[in-house]
Amino acid sequence: MALGSVTLGVIYLPIDAWIRAFLAIAVLYTVTSAFVLARCIRDRHEVANMASRIDQARLDKLLAEHDPYKADSL
């Protein structure tokens with residue numbers, strides 16, 4: 001919605017074509033940067049989440065194998 005509004009605004013501005021093209025490129029750069037930033041944040045979150053799940057699985061395995069009543073044989 002916002003991208004469409006900005007696009008219509010740039011199209012209907014009473015300015016020269018080269019200025020309109022510059023504004024269009026600036027809008028495309030801004031939108032592309034926003035998508036790249038969102039992907040980077042998502043990827044970092046997934047990596048952190050994956051590491052947390054791996055650590056939790058290791059802890060669960062250790063707790064499942066631990067028997068406090070097992071006598072150590074000497």
Side-chain angles (χ1 to χ4, degrees):
M1 183 75 173
L3 180 60
S5 299
V6 171
T7 302
L8 284 174
V10 169
I11 289 172
Y12 288 110
L13 276 174
I15 53 177
D16 292 335
W18 69 273
I19 297 174
R20 187 176 289 125
F22 177 79
L23 290 174
I25 293 296
V27 168
L28 289 175
Y29 178 73
T30 303
V31 170
T32 303
S33 297
F35 278 108
V36 169
L37 178 62
R39 275 189 13 213
C40 289
I41 291 171
R42 180 200 63 198
D43 291 346
R44 276 191 169 188
H45 179 72
E46 286 179 355
V47 166
N49 210 8
M50 178 70 71
S52 174
R53 282 189 277 162
I54 290 172
D55 290 341
Q56 184 64 38
R58 286 180 182 158
L59 180 62
D60 289 344
K61 181 182 175 192
L62 285 173
L63 289 174
E65 292 174 352
H66 177 68
D67 184 6
Y69 300 112
K70 180 179 176 185
D72 292 332
S73 57
L74 298 173

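We number each residue from 1, following the sequence as shown. Side chains are part of it too, since the values below use all heavy atoms of this structure and drop only hydrogens, waters and symmetry mates.
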Please tell me if the side chains of E46 and N49 come closer than 4.5 Å, counting only heavy atoms from C-beta onward. no
So if you build clusters from Ile, Leu, Val, Met, Phe, Trp, Tyr with side-chain heavy-atom gaps below 4.5 Å, do W18 and V27 land together? yes
Report yes or no: do L28 and L37 belong to one cluster of Ile/Leu/Val/Met/Phe/Trp/Tyr joined by side chain heavy-atom distances under 4.5 Å? no
Under 3.5 Å, side chain of S52 to main-chain N/O of A48, donor-acceptor pair present? no
same_hphob_cluster(F35, L3) at 4.5 Å side-chain heavy-atom cutoff: yes
Do I15 and I25 sit in one hydrophobic cluster, given that two such residues count as connected whenever their side-chain heavy atoms are within less than 4.5 Å of each other, even indirectly? no
Around atom CZ of R44, are there more than 12 heavy atoms from other residues, nucleotides or ligands closer than 6.0 Å? no
Approximate separation, where rounding is to 0.5 Å, of R53 CZ and M50 CE: 4.5 Å
